[in-house]
Chemist: 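One structure, as structure tokens, below. Some questions next.
To find a chain, count down the sequence lines: A is the first, B the second, and so on, and within it residues start at 1. Any value given below was found using the heavy atoms of this structure, including those in side chains, with hydrogens, waters and symmetry copies removed.
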Amino acid sequence: MVDSSGAPVRVRFAPSPTGLLHIGGLRTALYNYLFARKHGGRFLLRIEDTDRERYVEEAEADIVASLRWAGLAYDEGPDVGGPDAPYYQSQRSEIYRHYAQQLLEAGHAYYAFDTPEALEAMRERLQQSGHASARYDAVTRQQMQNALTLPADEVRRRLEAGAEHVVRLKVPRGRMVRFQDLIRGWVAFDTAELDDQVLLKSDGLPTYHLANVVDDHLMQVTHVIRGEEWLPSTPKHVLLYECFGWTAPAMAHLPLIHSPSGGKLSKRNAEEMGIPVSVRQYREEGYEPEALLNFLAFLGWNPGTEQEVFTLDALVEAFSLDRVGSSGVQFNLDKLRWYNQQHLRALSPGDLLARAAPHLRARGFDADAAYLRRVAALMQDRIAFASDLATSCDFFFEDPTAYDAQGLKKRWKDDSAALLTAYADRLEQADAFDEASAEAVLRTLAEEKGVGAGRIIHPTRLALSGMTFGPGLFEMMAVLGRATCVRRLRRAVEVLV
RNA sequence: GCCGCGUUCGUCUAGGGGUCUAGGACGCCGGCCUUUCACGCCGGUAACACGGGUUCAAAUCCCGUACGCGGUACCA
């Protein structure tokens, strides 16, 4: 696919390195990725590090690591390079200055010398005199210290003296700026609602608005896919494209992800609902990247069919921007958990094992690969996280040290000890030991003793695993092996009397 | 406050004038299967924000209200 001007699709994810990559940021990256792949286009990563105050050193590494973990490979970016390098805005200052200069010369921007104190005073004055808003606009700029109010030689004098200044966009009065959002349709803003946006800050670095427009143009971005919080800034960007005489890319503003408690999924908002906000946390808590992506894709989009479980490649295939919704969506941890189970189940036992390996190692659980694979196969339908393999079935790796109290109360009878002893004896003497024989021996014993099979099955499970949870008893026994089963049966008889 | 965007089960959503006594998924509740726990299967719970229009007919189109969210920085 190409855009209206016939250019090949190019999209970008442009995070600000101010902290760990946010889960909402990952969704934005995902939608960009899906759109790019779907249309055979390019997906770029650009680091928008123009705010020195909020810059966090480790953030960029986390963004890169998170995208890599998730499997969202970008075609161009800081660590992979590309024709439009550098992909750090902090290394592109000269470019922005050049374009700001161009705007200045064309009369679309002007120098302003107001101090922060002067700006604050102006806003306070306006608010107190009952003005609806307090913006730096076509009216108020008349009262401020800028190139529009100061004599030209005074402006020059101040500039040469190195006076602190910013460059502001000269927003025209009384115009409607319209643009078509791919998700919301036509959106219109009155320029009277816009202020003379700062383009170049007093530290010489650009604001988001300038840097974003310049870079998107220079990098030939065809579709800007970003969060809805940018919708109100878009008219400023449209104006900038106009001033430069450039064609604006297509715009698509994604619905915001909300916390179940309402409001945006901020760190505070989310964490009080038990929802992690950084991608790193999801990784650490053991979510599968495919599951997270699948869940995120469905937060605001649906394929129009009843299929819900998708691999990344399948998402690429099914994705389209026109099936993205426009209303805010709530994060739902239960659903994510369900996706995680679904993706786990789709794995081969060997792959499941690979995912669980670090957790197994962390607990010091070790066994040969064949044994581990059988455990994985037995547990696959019973777990929600790969790490559950290391935390919910210890009995595959060590003898139980305690027995479930409720299970005992319900299942351990006066004759249990005698029955288990007899069962252990017969297992020891049996010719073979496998799933079928373990069952046959048990059922024969039950019949001879005139009790229901359950009378032996339940205490045996308790003796072997200490739990009332687990795979089918006989398949479990087959995996554990004869020696372990016998040992645990005798041990239980001893401990429980 | 002002501007913008939004509003279908608790949540994610299908639907976009008649096929809607509104479909699916998560959750929850029953049941079946079963030696347990899961899985699976069957069933149940539960929604078109409100008020006006337009129309033979509106969840679907229009207007208003309410509510929610976002923006309103020399942050992105």
Chemist: Any donor-acceptor pair, under 3.5 Å, between the side chain of R382(A) and the base of C37(B), if you only look at N and O atoms?
Modeler: yes
Chemist: Scan R345(A) against the nucleic acid and name what it touches under 4.0 Å (heavy atoms): base, sugar-phosphate only, or nothing.
Modeler: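 Sugar-phosphate, no base atom in range.
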Chemist: Could you run through nucleotides 68-76 of chain B and give me one letter per nucleotide, 5' to 3': B if any protein heavy atom sits under 4.0 Å from the base, S if only the sugar-phosphate is that close, - if neither?
Modeler: -SSS--BBB
Chemist: Give a yes-or-no answer on whether the side chains of T311(A) and H343(A) include a donor-acceptor pair shorter than 3.5 Å.
Modeler: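 No, no side-chain donor-acceptor pair sits under 3.5 Å.
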Chemist: I need the full list of side chain to side chain donor-acceptor pair (under 3.5 Å) pairs touching residues 195-205 of chain A, with sequence neighbours left out, sorted by first then second residue.
Modeler: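 The answer is Y110(A)-D196(A), R141(A)-D196(A), Q197(A)-K236(A).
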Chemist: So, does H165(A) use its side chain to make a donor-acceptor pair with the main chain of A163(A) at under 3.5 Å?
Modeler: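 Such a contact is found between H165(A) side chain and A163(A) backbone.
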Chemist: Would you measure the distance from the C1' atom in U45(B) across to the matching atom in G27(B) and give it in whole Å?
Modeler: 11 Å
Chemist: Any strand is fair game: report the nucleotide pairing with C26(B) by Watson-Crick or G-U wobble, both distances under 3.5 Å, or none.
Modeler: G10(B)
Chemist: Contact class for G470(A) vs. all strands (heavy atom < 4.0 Å): base, sugar-phosphate, or nothing?
Modeler: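 Base: the residue G470(A), judged by heavy atoms under 4.0 Å, touches a nucleobase.
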Chemist: Expressed in whole Å, how much space separates the C1' atoms belonging to A47(B) and A25(B)?
Modeler: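 Going atom to atom, C1' in each nucleotide, I get 15 Å.
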Chemist: Any chance you could list the contact pattern along nucleotides 18-30 of chain B? Use B for base contacts, S for sugar-phosphate-only contacts and - for none, protein heavy atoms under 4.0 Å, 5' to 3'.
Modeler: -----SSBSS---
Chemist: So what's A38(B) paired with, Watson-Crick or G-U wobble, going by both distances under 3.5 Å?
Modeler: none
Chemist: Just checking, is any N or O donor in the side chain of Q127(A) or R123(A) under 3.5 Å from an acceptor N or O on the other one?
Modeler: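 No, no side-chain donor-acceptor contact under 3.5 Å.
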Chemist: Is T468(A) touching bases, backbone alone, or none of the nucleic acid, heavy atoms closer than 4.0 Å?
Modeler: base
Chemist: State, yes or no, whether a side-chain contact exists between Y96(A) and Q89(A) at a heavy-atom distance under 4.5 Å.
Modeler: yes
Chemist: Would you please say whether a donor-acceptor pair under 3.5 Å links the side chains of R184(A) and H253(A)?
Modeler: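 There is no such pair between these side chains.
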Chemist: Taking any heavy-atom pair under 4.0 Å as a contact, classify R323(A): base, sugar-phosphate, or nothing.
Modeler: sugar-phosphate
Chemist: Side-chain contact test, heavy atoms from C-beta onward, threshold under 4.5 Å: evaluate it for P303(A) versus F319(A) and give yes or no.
Modeler: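 SC-SC contact between P303(A) and F319(A) ruled out.
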Chemist: Closest-nucleotide mapping onto RNA chain B: is G472(A) or A188(A) further toward the 5' terminus? I mean the 5' end.
Modeler: A188(A)
Chemist: Give none if G4(B) has no partner; otherwise give the nucleotide forming a Watson-Crick or G-U wobble pair with it, both distances under 3.5 Å.
Modeler: C69(B)
Chemist: Under 3.5 Å, is there a donor-acceptor pair between the Y88(A) and E60(A) side chains?
Modeler: yes
Chemist: Any strand counts, and the cut-off is 3.5 Å on both contacts for Watson-Crick or G-U wobble. Which nucleotide pairs with C56(B)?
Modeler: G18(B)
Chemist: With a 3.5 Å cut-off and no angle check, do the side chains of T468(A) and D404(A) form a donor-acceptor pair?
Modeler: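 Their side chains do not contain a donor-acceptor pair, so the 3.5 Å distance test is not met.
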Chemist: Counting only Watson-Crick pairs (N1-N3 plus N6-O4 or O6-N4) and G-U wobbles (N1-O2, O6-N3), all under 3.5 Å, who is the partner of C50(B)?
Modeler: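 C50(B) is paired, partner G64(B).
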Chemist: For G325(A), answer base if it contacts any base atom (sugar-phosphate contacts may also be present), sugar-phosphate if it contacts only those atoms, and nothing otherwise; contact means non-hydrogen atoms under 4.0 Å.
Modeler: nothing
